[in-house]
Amino acid sequence: MIRGRFAPSPTGPLHFGSLIAAVGSYLENRCHDGQWLIRMEDLDPPREQPGAADNILRTLDGFGFEWDGEVIYQSRRHQAYNEVLAKLTESGQLYPCTCSRKEIGEQGKSNAFGVVYPGTCRDPLKRDKNKDAALRLRTDNKKIVFSDAIQGEYSQQLETEIGDFLLKRRDGYFAYHLAVVVDDAEQGITHIVRGCDLLDSTPRQIYLQQLLNVPTPSYTHLPVAVNQAGQKLSKQTQAKAIDRKQASLLLWQVLDFLGQQPDIELKHETLPTIWNWAFTHWQLSKVPQVKTMIWSD
Ligand code: GLU
Ligand code: ZN
């Protein structure tokens, strides 16, 4: 049995961009008789909004999504993350890093993914014992290659293109890559469907799966909705919160965005009718093979 998930970060209400990931992963897993779980990625309290997690769940429920099992909250999983960090420290793969963002910016090379960590704190003598330390995972120069169900083959050489990356931040919070890998494994996720903004995170996650000896799921990265200026719809770009009263029209628009060519008459049908159409017509092969697409309402 295959199993997928939707893993929102509760930094604000659901918007069209996050709805695309929810609908895509739901249909792709349900249409293969798979299960579909929800995980709340509440790892970063300063960026979260009180009530957002409940609001997201109410919106999903209002859209007619049905999820399997209990919702998992990453804020309640700290013990599991600490155990993995202890294991990686013991095997020598994790090391404390006291570099500031400014120091890394000055010393590291920049590329399309950001600044490559220059490896400073691999040398214990270069660490500043008086500062709080982050925990960084040692990378190597083997190429990580995977085949994305929409985007095709994708590869990265982590050491040269990304550099050693954080699993725990200097402010004490756990990093997304750590939590996502530990929880996907714990929840037995086999089919990850999410936005293309996470495509370049995937090799880091596969690398960590390999170190932890857990299975690598299959990956499907959907096109991301961007505004006219090419910015991803998000809270930062003032993406509009979803209006639950418009649910059926929004679902139709997501199906249209994902290349499913829903009948135009369907646009004004009820939510159950549109879902029914979606369950019988969903085809991953119709999703455009692009990383971004402009969307304006
Ligand atoms: N929490 C992440 C986000 O909202 C998604 C993580 C994932 O799907 O792997 O961007
Ligand atoms: Zn450092």
Side-chain angles (χ1 to χ4, degrees), residues 4-15 17-26 28-29 36-44 47-49 52-53 56 60 71-75 77 94-108 115-129 131-138 148 163-170 174-185 187 189 191-206 208-209 216-222 224-225 232-236 239:
R5 46 62 163 189
F6 176 53
S9 305
T11 52
L14 217 59
H15 52 77
S18 30
L19 188 63
I20 293 168
V23 170
S25 67
Y26 191 60
E28 183 56 16
N29 282 284
W36 190 73
L37 283 63
I38 294 185
R39 180 169 73 232
M40 225 18 104
E41 302 214 315
D42 51 351
L43 273 183
D44 191 352
R47 289 187 54 230
E48 285 153 23
Q49 223 179 56
I56 290 171
L60 291 171
V71 174
I72 280 198
Y73 289 80
Q74 292 191 324
S75 56
R77 301 262 308 138
L94 209 57
Y95 63 85
C97 165
T98 53
C99 299
S100 65
R101 196 182 282 261
K102 184 162 170 276
E103 287 164 332
I104 298 171
E106 284 162 1
Q107 295 155 15
V115 182
V116 180
Y117 180 68
T120 321
C121 295
R122 282 186 175 191
D123 177 355
L125 296 174
K126 301 238 173 87
R127 295 173 202 153
D128 183 342
K129 302 277 174 301
K131 282 206 244 161
D132 287 335
L135 293 173
R136 229 175 246 287
L137 185 67
R138 206 177 277 273
D148 186 89
D164 298 348
F165 57 95
L166 292 180
L167 294 190
K168 193 172 187 191
R169 295 166 16 182
R170 256 176 75 191
F174 297 101
Y176 157 65
H177 295 299
L178 172 71
V180 80
V181 167
V182 172
D183 290 345
D184 282 334
Q187 295 184 285
I189 302 301
H191 273 59
I192 294 182
V193 182
R194 59 186 180 188
C196 240
D197 50 321
L198 294 166
L199 184 64
D200 65 31
S201 297
T202 308
R204 272 169 276 186
Q205 296 172 13
I206 293 175
L208 189 49
Q209 287 153 4
T216 289
S218 75
Y219 286 97
T220 304
H221 286 89
L222 303 169
V224 163
K232 179 185 142 184
L233 302 187
S234 69
K235 202 177 116 197
Q236 287 73 31

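Start at 1 with the first residue, then count along the sequence. Both ligands and their constituent atoms are indexed starting at 1 by order of listing.
- When only interatomic distances are considered, the shortest N/O to N/O separation between Pro8 and ligand 1 does not fall below 3.5 Å.
- Under the 3.5 Å distance criterion, with hydrogens and angles disregarded, a donor-acceptor pair is assigned to the side chains of Gln205 and Tyr176.
- The N/O atoms of Asp197, backbone and side chain alike, include none that comes under 3.5 Å of an N/O atom in ligand 1.
- Contact between Phe6 and ligand 1 is absent, with no heavy atom of the residue lying under 4.0 Å from the ligand.
- In this structure, atom 4 (O) of ligand 1 lies nearest to the protein heavy atom Ser9 OG, 3.3 Å.
- No side-chain heavy atom of Leu166 sits under 4.5 Å from any side-chain heavy atom of Leu135.
- In this structure, Asp183 does not pair ionically with Arg5, as no charged nitrogen and carboxylate oxygen lie closer than 4.0 Å.
- Scanning the protein for heavy atoms near atom 10 (O) of ligand 1, the closest one is Leu198 CD1, 4.3 Å.
- The ligand atoms of ligand 1 that sit less than 4.0 angstrom from a heavy atom of Val180 are 9 (O).
- Ion pairing between a basic and an acidic side chain is recognised when a charged N comes within 4.0 Å of a carboxylate O; Asp132 and Arg170 show no such pairing.
- Here the angle centred on the Zn ion (ligand 2), running from OH of Tyr117 over to SG of Cys121, is 100°, rounded to 10°.
- In this pair, Tyr117 and Tyr95 present their aromatic rings tilted. The plane angle is within the 30 to 60° band.
- Proximity of Arg5 to ligand 1 is established by a heavy-atom distance of less than 4.0 Å.
- Defined by atom type and a distance below 3.5 Å, a donor-acceptor pair is present between the side-chain atoms of Arg194 and Thr202.
- Within a 6.0 Å sphere centred on CG of Asp128, other residues, nucleotides and ligands contribute more than 12 heavy atoms.
- In terms of protein heavy atoms, atom 6 (C) of ligand 1 is closest to Glu41 OE1, 3.2 Å.
- Short contacts between ligand 1 and Arg194, defined as distances under 4.0 Å to a heavy atom of the residue, involve ligand atoms 7 (C), 8 (O), 9 (O).
- Checked by atom type, the side-chain pair Ser9/Glu41 shows no donor-acceptor distance below 3.5 Å.
- Near Tyr176, meaning under 4.0 Å from any of its heavy atoms, are these atoms of ligand 1: 6 (C), 7 (C), 9 (O).
- For the pair SG of Cys99 and SG of Cys97, the angle at the Zn ion (ligand 2) is about 120°; rounding is to 10 degrees.
- Within 6.0 Å of NZ in Lys102 there are 12 or fewer heavy atoms belonging to other residues, nucleotides or ligands.
- Closest to atom 5 (C) of ligand 1, if we only count protein heavy atoms, is Ala7 O, 3.3 Å.
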